[in-house]
Amino acid sequence: MTTGPSVNERIYMVIRQVPPGKVTTYGQVSKIVGTVSARQVGYALAAVREAMNVPWQRVVNSQGKVSLPGSDQQHMLEAEGVVFDAQGRIDLKRFGWSGPEDAWLEANGFDVTWFWSR
DNA sequence: CTTCTGACGAAAT
DNA sequence: CATTTCGCCAGAA
């Protein structure tokens, strides 16, 4: 039997696909990975360390707000070109990530069904 | 081994 | 709009 990537590793794989200047949400990542809840994505991000090369700052909540008030998350995103409004929210229509390509999903063992039902 | 705790989201109330 | 409920990974003590 094959021991594939752990749940957290799968979550990191997806987040690493988010390009600079774009953001994704916990809910979006959970749907792409397919087998995890948004909460588990939060758990995974909490375990991220600098050496993992995971662009954790590009993951915001469904309201378009940063998850870590008081951190440099907002500044890091602004440095990539992401704009925040007066309420500290990001316009997901403009900066939201479209998601990985079907080819990437299939090449990495992810299910593409989430894409069909969007 | 057990218990605790953390970067969320959607629906119901 | 505020609050509650459930979902159930991984590391530390």
Side-chain angles (χ1 to χ4, degrees):
Chain A
M1 332 189 318
T2 61
T3 304
S6 68
V7 172
N8 281 9
E9 288 172 334
R10 293 159 71 77
I11 290 170
Y12 301 149
M13 287 173 71
V14 172
I15 295 174
R16 277 193 273 257
Q17 305 309 306
V18 184
K22 291 288 183 180
V23 298
T24 187
T25 65
Y26 291 84
Q28 180 76 70
V29 174
S30 76
K31 286 182 182 114
I32 293 171
V33 175
T35 58
V36 303
S37 65
R39 187 180 207 179
Q40 285 173 267
V41 176
Y43 289 153
L45 269 296
V48 165
R49 297 158 97 51
E50 196 54 43
M52 294 175 168
N53 292 322
V54 175
W56 60 268
Q57 72 276 16
R58 298 184 193 134
V59 183
V60 300
N61 64 32
S62 63
Q63 303 165 66
K65 299 204 288 189
V66 296
S67 326
L68 252 47
S71 74
D72 292 326
Q73 184 174 11
Q74 181 170 335
H75 294 307
M76 293 173 80
L77 291 174
E78 291 176 328
E80 297 182 350
V82 176
V83 178
F84 288 74
D85 65 20
Q87 301 157 60
R89 300 187 319 185
I90 296 169
D91 180 356
L92 295 178
K93 299 289 195 301
R94 273 184 71 193
F95 302 103
W97 179 43
S98 306
E101 300 172 20
D102 281 7
W104 184 90
L105 291 171
E106 295 189 50
N108 290 284
F110 287 92
D111 197 332
V112 299
T113 53
W114 78 274
F115 217 92
W116 306 335
S117 59
R118 71 189 171 87

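Scope of the values below: all heavy atoms of this structure, side chains included, with no hydrogens, waters or symmetry mates. Chain A is the first sequence line, chain B the second, and so forth, proteins listed ahead of strands; every chain is numbered from 1.
With a 4.5 Å cut-off on side-chain heavy atoms, A:Leu68 and A:Trp56 count as touching. Residues A:Phe110 and A:Pro100 form no side-chain contact, since every pair of their non-hydrogen atoms from C-beta on lies 4.5 Å or further apart.
Judged as a salt bridge (Lys or Arg N to Asp or Glu O under 4.0 Å), not a single pair has a partner in residues 36-46 of chain A (not counting sequence neighbours).
Contacts of A:Ser6 classified as side-chain contact (heavy atoms from CB on, under 4.5 Å), with partners at least two apart in sequence or in another chain: A:Asn8, A:Glu9. With sequence neighbours excluded, the residues satisfying side-chain contact (heavy atoms from CB on, under 4.5 Å) with A:Gln17 are A:Trp97, A:Trp104. Applying the side chain to side chain donor-acceptor pair (under 3.5 Å) rule to A:Arg10 yields no partners; only residues at least two apart in sequence or on another chain are considered. Considering only residues two or more places apart in sequence or on other chains, A:Val54 meets the side-chain contact (heavy atoms from CB on, under 4.5 Å) condition with A:Tyr12, A:Ile15, A:Arg16, A:Val48, A:Met52.
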For residues 75-87 of chain A, tabulate all N or O donor-acceptor pairs below 3.5 Å that involve a side-chain atom, not counting sequence neighbours.
residue : atom : partner : partner atom : Å
A:His75 : ND1  : A:Glu78 : OE1          : 3.4
A:Glu78 : OE2  : A:Gln74 : NE2          : 3.2
A:Glu80 : OE1  : A:Gly21 : N            : 3.2
A:Glu80 : OE1  : A:Arg58 : NE           : 3.1
A:Glu80 : OE2  : A:Gln57 : NE2          : 3.4
A:Glu80 : OE2  : A:Arg58 : NE           : 3.2
A:Glu80 : OE2  : A:Arg58 : NH2          : 2.8
A:Asp85 : OD1  : A:Gln87 : N            : 2.7
A:Asp85 : OD1  : A:Gly88 : N            : 3.0
A:Asp85 : OD1  : A:Arg89 : N            : 2.8

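Under the 4.5 Å side-chain heavy-atom criterion for Ile, Leu, Val, Met, Phe, Trp and Tyr, A:Val29 and A:Val60 are members of distinct hydrophobic clusters. The same ILVMFWY cluster, assembled from side-chain heavy atoms under 4.5 Å apart, contains both A:Leu105 and A:Val18. A:Val66 and A:Tyr26 end up in different hydrophobic clusters when Ile, Leu, Val, Met, Phe, Trp and Tyr side chains are linked at under 4.5 Å. No single ILVMFWY cluster, assembled from side-chain heavy atoms under 4.5 Å apart, contains both A:Tyr43 and A:Val36.
Listed by residue number, the members of residues 49-65 of chain A with any heavy atom below 4.0 angstrom from DNA chain B are A:Trp56, A:Asn61, A:Ser62. In the region residues 74-82 of chain A, proximity to DNA chain B at under 4.0 angstrom, judged on heavy atoms, holds for none of the residues. At a non-hydrogen distance threshold of 4.0 Å, A:Ser6, A:Val7, A:Asn8 from residues 5-13 of chain A come into contact with DNA chain C. Listed by residue number, the members of residues 33-42 of chain A with any heavy atom below 4.0 angstrom from DNA chain B are A:Ala38, A:Arg39, A:Gly42.
For the pair A:Leu92 CG and B:dC8 P, the computed distance is 15 Å after rounding to whole Å.
A:Ser30 and A:Ala38 get closest at one heavy-atom pair: CB-N, 3.7 Å.
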Name the pairs: protein N/O against N/O of nucleotides 11-13 of chain B, kept only if under 3.5 Å.
none

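Atom CD1 of A:Ile90 sits about 11.0 Å away from atom OG1 of A:Thr25, to the nearest 0.5 Å. Of the inter-residue distances, the one linking A:Leu92 atom CG with A:Gln63 atom CD reads 10.0 Å to the nearest 0.5 angstrom.
A distance cut-off of 5.5 Å between ring centres, combined with a plane angle under 30°, leaves A:Tyr26 outside any stacking arrangement with the base of B:dG9.
For DNA chain C, the span of nucleotides reached by chain A at under 4.0 Å from its heavy atoms goes, 5' to 3', from C:dG7 to C:dA10.
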